[in-house]
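Before any comments, here is the structure.
Numbers for residues simply follow the sequence, beginning at 1. Counting starts at 1 for both ligands and their atoms, following the listed order.
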Amino acid sequence: PNYISVSKLANLLNCRIETLMKDLRKLGFSNTTHNYILSKEYVELILQEYNYNLPASSLTLTSANAYDELKSPIDPKLLKKRPPIVTIMGHVDHGKTTIIDYLRKSSVVAQEHGGITQHIGAFKITTPITKKNITFLDTPGHAAFLKMRERGANITDIIVLVISIEDSIMPQTLEAIKHIKKSGNELVVAITKIDMISRKQDREKALDKVMNDLINNDISIEKIGGDVQVVPISAKTGENMDLLEESIVLLSDMMDLRSENSPRTTVEGWVIESKVKKTVGNVATVLIKKGTLRNGTILLSGDTYCKVRSMTDEFGKQASKAEPSQVVEILGWKSLVNAGDEVLQAKTEAIAKKLIAKRAALLEVEKEATFVDKLNEKTAFEL
Ligand code: GTP
Ligand code: MG
């Protein structure tokens, strides 16, 4: 990218194109148009001759924050309680999916609906005893998760770290521990597959080993006066699964999780999954972070937008609205969105289109601006 058009340079310099073209003519450039392409050397010359400097503002508006005007600061008065979002992590084969399957089957809602009919990347359960809602995020290893993590988006409230009683801490357990510490998420440990060891003394011994390994990895479990709950479970027999749910509910109650949600709160969320469905077109599974989503809302994500045509929940049932911590599959996207991208509400389609075009332009300028950027440091010093 050693070339830039006059109009984009004017854009970067935050000056009127006409002014820049006048200066160019004085320097001997004839027939310059908006689309006239300047080489790096010429840009350098222009910057030096006319004391142009790149204003900070031209560099702070980037494609990454092009949609920031759609985000509003949180109004504490409008905060409402919301269910916790829980992610299950752990070493391969330690039993993450089995736990999820068990929770799904035991969920009150699943029983009412005759089982969960479609798989979406996240789902809500209602605990059998306390009747509390919990949103579980499935397959946290997948790409969307990594992308959100990269962007510093912390969409999980609680992580359940799954450790098999037979293996204790393994390489991916350590990775998960690293992530948990960095993210600052709350933690519950589930020591699973306890049904594999039937003799009571042997089981106690194995549990102690896992606990010690946790302590050695600086996890302050309750046993040593810390606040991390450890629950021995079997997702196969269901033993203590109610305790695991209780632990999560207890922890989330203490966290007092809230999101802004009022009729005037604009919707924000994250794309968990997206795909093209043969009969209905582009669909996206979205986790709602704030606001209440309804049909007809205009949403924007990445380089595309959507007028919400319909929403379905994890049971394949039509949903009339989706509130914070809820996950819905949304129909109506103009093109496919990317998992891991943020979703924001725009007031009108026109605003959505305008912002998408602005972001696209910024992306182009950024491609070309890399060298002007470097140049700026140099000329600022020289001038
Ligand atoms: P990956 O997704 O591959 O990382 O594995 P996972 O952590 O999801 O493990 P999964 O739930 O697939 O379980 C792995 C194996 O352990 C399966 O054969 C399960 O049936 C078995 N398993 C899981 N939980 C339990 C348990 O509590 N008791 C017993 N006996 N077996 C279990
Ligand atoms: Mg699995």
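Defined by atom type and a distance below 3.5 Å, a donor-acceptor pair is missing between the side-chain atoms of Gln345 and Thr297. Between the side chains of Ser168 and Asp213, at least one donor-acceptor pair of N or O atoms lies under 3.5 Å.
When each atom of ligand 1 is checked for a heavy atom of Thr98 under 4.0 Å away, the hits are 10 (P), 11 (O), 13 (O), 19 (C), 23 (C), 24 (N). Counting the atoms of ligand 1 from 1 in the order shown, those under 4.0 Å from a heavy atom of His94 are 7 (O), 9 (O). In summary, the atoms of ligand 1 found under 4.0 Å from a heavy atom of Met196, numbered by their order in the structure, are 30 (N).
Using a 4.0 Å threshold on non-hydrogen atoms, atom 26 (C) of ligand 1 counts as touching the protein. Contact annotation for atom 18 (O) of ligand 1: protein absent (non-hydrogen atoms, distance under 4.0 Å).
Scanning the protein heavy atoms around atom 22 (N) of ligand 1, the nearest turns out to be Lys193 CE, 3.7 Å. Here the protein heavy atom with the shortest distance to atom 2 (O) of ligand 1 is Thr97 OG1, 3.9 Å. Of the protein's non-hydrogen atoms, Val92 CG2, 3.4 Å is the one closest to atom 3 (O) of ligand 1. For atom 20 (O) of ligand 1, the closest heavy atom belonging to the protein is Lys236 NZ, 3.7 Å. When hydrogens are left out, the protein atom nearest atom 5 (O) of ligand 1 is Asp93 N, 2.9 Å; that is the closest non-hydrogen contact. The protein heavy-atom contact nearest to atom 4 (O) of ligand 1 is Lys96 NZ, 2.8 Å.
Under 4.0 Å is where a charged nitrogen must lie from a carboxylate oxygen, and between Asp93 and Lys193 no such pair does. Between Glu342 and Lys289, at least one side-chain N (NZ, or NE/NH1/NH2) sits under 4.0 Å from a carboxylate O, which counts as a salt bridge.
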For this session: Determine, step by step, whether Asp23 and Phe29 satisfy the side chain to side chain contact (heavy atoms under 4.5 Å, CB included) criterion, reporting the C-alpha distance in whole Å, the side-chain angles of both residues, the deciding distance to 0.1 Å, and the verdict.
Result: CA-CA 9 Å; Asp23 287 341; Phe29 289 89; over 6 Å; no

Exercise. Step by step, would you call Leu293 with Leu299 a side chain to side chain contact (heavy atoms under 4.5 Å, CB included)?
Worked result: CA-CA 9 Å; Leu293 182 63; Leu299 295 176; 3.9 Å; yes

Exercise. For Lys223 and Leu214, what are the C-alpha separation, side-chain angles and deciding distance, and is it a side chain to side chain contact (heavy atoms under 4.5 Å, CB included)?
Worked result: CA-CA 11 Å; Lys223 192 184 165 192; Leu214 285 166; over 6 Å; no

Exercise. For Asp202 and Lys205, what are the C-alpha separation, side-chain angles and deciding distance, and is it a side chain to side chain contact (heavy atoms under 4.5 Å, CB included)?
Worked result: CA-CA 5 Å; Asp202 293 343; Lys205 222 174 114 190; 5.5 Å; no

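No side-chain donor-acceptor contact under 3.5 Å links Asp157 to the backbone of Pro84. Of the possible donor and acceptor atoms, none in the side chain of Glu222 sits under 3.5 Å from a partner among the backbone N and O of Gln229.
Atom NZ of Lys81 has more than 12 neighbouring heavy atoms from other residues, nucleotides or ligands inside a 6.0 Å radius. With a 6.0 Å radius and a threshold of 12 heavy atoms from other residues, nucleotides or ligands, Lys181 has its NZ atom above the threshold.
Comparing Ile191, Thr192, Ile88, Asp195 by heavy-atom distance to atom 29 (C) of ligand 1, the nearest is Asp195.
Around the Mg ion (ligand 2), the protein N, O or S atoms found under 2.8 Å comprise Thr97 OG1.
Taking any N or O of Gly95, backbone or side chain, at least one lies under 3.5 Å from an N or O belonging to ligand 1. Here's the thing with Ala235: one of its N/O atoms is less than 3.5 angstrom from an N/O atom of ligand 1.
Side-chain contact between Asn261 and Arg82 is absent, with no heavy-atom pair separated by less than 4.5 Å.
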